[in-house]
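Please read the structure below before turning to the comments.
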There are 2 protein chains.
Amino acid sequence: MSLNDNFNDKVATLRDLAGIAGVSVTTVSRALRDKPDIGLDTRLKIKQLARQLNYHPHEVARSLVLQRTNTIGLTMSHLDNPYYGQLSQEIEAQAAKAGYSLLLTIASSTIEKSTDFLNRKKVDGFILGPVLAGQDVSGLWALRKTGVPVVFHGNIDLPEMDTVIVDAETAVCNAVRYLAERGHRDMGFLGRTRNNLILTLKFGGFQRGLLESGLQLKNEWVVETRGELEDGYARACALLQQDKLPTAVFCHNDLLALGVLHALAERGMRCPDDMAVVGFDNIEMSAYSNPPLTTIEQPVERIASELVRLLSDRISNPAGEREQVVLLPSLTVRKST
Amino acid sequence: MSLNDNFNDKVATLRDLAGIAGVSVTTVSRALRDKPDIGLDTRLKIKQLARQLNYHPHEVARSLVLQRTNTIGLTMSHLDNPYYGQLSQEIEAQAAKAGYSLLLTIASSTIEKSTDFLNRKKVDGFILGPVLAGQDVSGLWALRKTGVPVVFHGNIDLPEMDTVIVDAETAVCNAVRYLAERGHRDMGFLGRTRNNLILTLKFGGFQRGLLESGLQLKNEWVVETRGELEDGYARACALLQQDKLPTAVFCHNDLLALGVLHALAERGMRCPDDMAVVGFDNIEMSAYSNPPLTTIEQPVERIASELVRLLSDRISNPAGEREQVVLLPSLTVRKST
DNA sequence: TGACATTACTTTAACGTTATAGTATAAAGT
DNA sequence: ACTTTATACTATAACGTTAAAGTAATGTCA
């Protein structure tokens, strides 16, 4: 059997409907969209006809004439990290609610590819996920130059753009102070410490937290690393080789922290007794690890809804004042501290 | 400062280029696309001009005339489940490699919304994730009727569509037999057992595995549940109340299994000694749980590449023979059994 | 009764491309 | 020298829609 035997019929267009109904294309178009100046009987007849012929408006043609696609682009990466998955899902939901479809870009996450994408695909707006920006913030100017509204989500403020910022610096600082209050004086850090404006922010908060708690930064407990589970595990294994160990470690994200927990368990070390662990994101898994993870909770729904709201606003008012939303994530305390 | 001060210039069109270059629109179009019948000097001049004016082809206009959008739709849900996140990411990568952008639908995952989406957005093809199909396979006919190529991914064969099938039934059966060989005679099942053609398949494999191992199905150890972490935890808690416990449980997916592991650890029960646990998917986390999870590994990259390949083939040859790819996932043995 | 609205349409042009057919100019063949 | 052929273009129409301007056929009012 060939799959398309039954589908030789082309899709119906306004012209087809107009021909059958014996009216002009414009009349059909206006009738279906409930525009005025159409007689009641004609309108009903046309609508019924549209249903019969299974007519659906051709959004591409519509986009061309209306100069809008009702589509927004999303650059996201590390979708295998549940936090980004959840965030993407939430953004899709919010976008759909606002009448937008989501065009996803993951692998092609370079500034050049993104701008080309924007220029060609004619998305109405663009949400720039936390990953792309890192190293080369200046390159973002190219994105802005496309004239397409862009909203950025990350940890730092980009003065040229609408932004939804999570104040990770303060959140991490608070987490460190919390640990200090619980008696921890020797703390380690796993994450980015350099070469990335955005990702190093947590390290800044870590340093400030120590300072404000009157504690010293110990370089041998500061581990430069990517943010995957395997990194957390491997880095922890290396860290645990040292003679003197910190009593608590802060991890750049939950995956890292879960990797650390695994390393501890594997060595028969007790968490939090032998070493406390704090993560960042509060992915669902963190509530079900052994032990459950103390972590800084990202307000995912809020981030998603603010992103879409800002973008919608900017699309309908491109010349308006730049807007910036700052969210302060809060510490969720569980058994790992 | 208003954001759009510097961007009063409209984007350049072929017409603009033609006007400046003093040639026809057609010539510009052909020059840029390296079509023949254009003089070398004109071609170079036009290309340089395009670069100067930062010209980018208007894909919407192009789509309209070419009757293809170079975009494929993806219906996926539960993106907060890392397995689906990873799968989506992989599909995006494969699609990009094949020259397609991905239009994502999550929340709107009903057949009606999907068909409307297909009809309107004019995607070149559609990948139907494992979630949508479940209950109402007959409704998929509506998708087919749109005439848009659809490739389905799931555990059962849909005779009317190209499919990439993971033979979960056999895989689960094999896992059960593996458990039986390791001496387990009392096994439990957490997952879907009814009302869903696709999701109940694993239960079928479970039953067959028991049968082929000469074991009995114990209804009190069969737990009907959704597939979230919290379900795994809650269902395990309930199960562990029983007087007689299974020595091993199979879980519909890894999240469930990780929830079960958490319940066990919380009660001070040892895994696998007190209870062995097997999952399905092999998400990254499963290698780093405590204990690491024995699980059935989904061949994610293979699934993604086959999906995109099948869809590309179908797009370029809509009338060809239906294709079906069956993948047998294999058991990854870790410490939880 | 004649100017003027109102109603319910139609016609035309446009969005930015690409494909097809047509054309002027120069070079080549017999 | 005169048709033929190749080269490098241009003109036109089309994709399916919407907006804007135009137009008949009624109805309304003074």
Side-chain angles (χ1 to χ4, degrees), chain A residues 9-47 49-50 53-71 118-124 146-148, chain B residues 9-47 49-50 53-71 118-124 146-148:
Chain A
D9 42 341
K10 296 250 304 171
V11 286
T13 69
L14 287 184
R15 251 184 111 193
D16 300 332
L17 298 193
I20 297 173
V23 294
S24 75
V25 172
T26 306
T27 301
V28 178
S29 172
R30 296 182 65 83
L32 292 177
R33 285 176 301 140
D34 286 322
K35 295 273 177 177
D37 291 340
I38 304 292
L40 181 61
D41 42 353
T42 351
R43 169 161 291 149
L44 292 177
K45 188 177 72 177
I46 289 173
K47 284 194 170 180
L49 192 61
L53 297 194
N54 195 33
Y55 170 81
H56 294 264
H58 194 302
E59 289 295 336
V60 174
R62 205 171 208 182
S63 295
L64 184 59
V65 65
L66 294 179
Q67 301 284 61
R68 90 184 119 75
T69 53
N70 292 320
T71 299
L118 282 192
N119 280 317
R120 301 171 69 107
K121 285 292 187 172
K122 306 292 170 189
V123 293
D124 296 342
T146 63
V148 178
Chain B
D9 43 341
K10 296 250 304 169
V11 286
T13 68
L14 286 184
R15 249 184 113 192
D16 301 332
L17 299 194
I20 297 172
V23 295
S24 74
V25 173
T26 306
T27 300
V28 179
S29 172
R30 296 182 65 84
L32 292 177
R33 287 176 300 140
D34 286 321
K35 295 274 176 177
D37 291 340
I38 304 291
L40 182 60
D41 42 351
T42 351
R43 169 160 289 148
L44 291 177
K45 188 177 73 178
I46 290 174
K47 285 193 170 182
L49 192 61
L53 297 194
N54 196 31
Y55 170 81
H56 294 264
H58 194 302
E59 288 295 337
V60 174
R62 209 172 204 182
S63 295
L64 185 59
V65 64
L66 294 179
Q67 301 284 61
R68 90 185 119 76
T69 54
N70 292 320
T71 300
L118 282 193
N119 280 317
R120 300 172 70 107
K121 286 293 187 173
K122 306 292 169 188
V123 293
D124 295 342
T146 63
V148 178

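Worth saying up front: this structure is predicted, and the values here are computed from it rather than measured. Basis for what follows: all heavy atoms, side chains included, without hydrogens, waters or symmetry-related copies.
The OG atom of S63(A) sits 7.5 Å away from atom CG of D124(A), with the distance rounded to the nearest 0.5 Å.
Atoms CG (D37(B)) and C1' (dT20(C)) sit 12 Å apart, rounded to a whole Å. dA8(D) atom P lies 9 Å from atom CG of L40(B), rounded to whole Å. Between R68(B) atom CZ and dA19(C) atom P the separation is 8 Å, expressed in whole Å. Taking atom CG of D41(B) as the reference point, atom P of dA8(D) lies 8 Å away to the nearest angstrom. One atom, CG of D16(A), and another, C1' of dC15(D), lie 13 Å apart when rounded to the nearest Å.
Of all heavy-atom pairs spanning A12(A) and L53(A), the tightest one is CB-O, 3.9 Å. Counting all heavy atoms, side chain and backbone alike, L49(B) lies closest to L17(B) at CD2-O, 3.6 Å.
Across all strands, T42(A) comes closer than 4.0 Å only to sugar-phosphate atoms, never to a base (heavy-atom distances).
Side-chain contact check for R30(A) and T26(A): no donor-acceptor pair (N or O, by modelled atom type) lies under 3.5 Å.
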Between the protein and nucleotides 16-21 of chain D, list the N/O to N/O atom pairs that are separated by less than 3.5 angstrom.
unit_1, atom_1, unit_2, atom_2, d
dG16(D), N2, A61(A), O, 3.4
dT17(D), OP1, Y55(A), OH, 2.5
dT17(D), OP1, H58(A), N, 3.2
dT17(D), OP2, L14(A), N, 2.6
dT18(D), OP1, R33(A), NE, 3.4
dT18(D), OP1, R62(A), NE, 2.8
dT18(D), OP1, R62(A), NH2, 3.1
dT18(D), OP2, S29(A), OG, 2.4
dA19(D), OP2, R33(A), NH1, 3.2
dA19(D), N6, T26(A), OG1, 3.2

Between protein and nucleic acid, restricted to nucleotides 25-27 of chain D and to nitrogen or oxygen atoms under 3.5 Å apart, what atom pairs and distances do you find?
none

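The pair R120(B)-E59(A) counts as a salt bridge, with a side-chain nitrogen and a carboxylate oxygen less than 4.0 angstrom apart.
At least one side-chain heavy atom of T71(A) sits less than 4.5 Å from a side-chain heavy atom of K121(B).
Results of the side chain to side chain contact (heavy atoms under 4.5 Å, CB included) test with I46(A) over T27(A), D41(A), L14(A) single out T27(A) as the only residue that passes.
For the pair S24(B) and dC9(D), the criterion of a side-chain N or O lying under 4.0 Å from OP1 or OP2 is not met.
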Item to check | CA sep, side-chain torsions, deciding dist, call: D34(A), R43(A), side chain to side chain contact (heavy atoms under 4.5 Å, CB included) | outcome: CA-CA 8 Å; D34(A) 286 322; R43(A) 169 161 291 149; 3.8 Å; yes
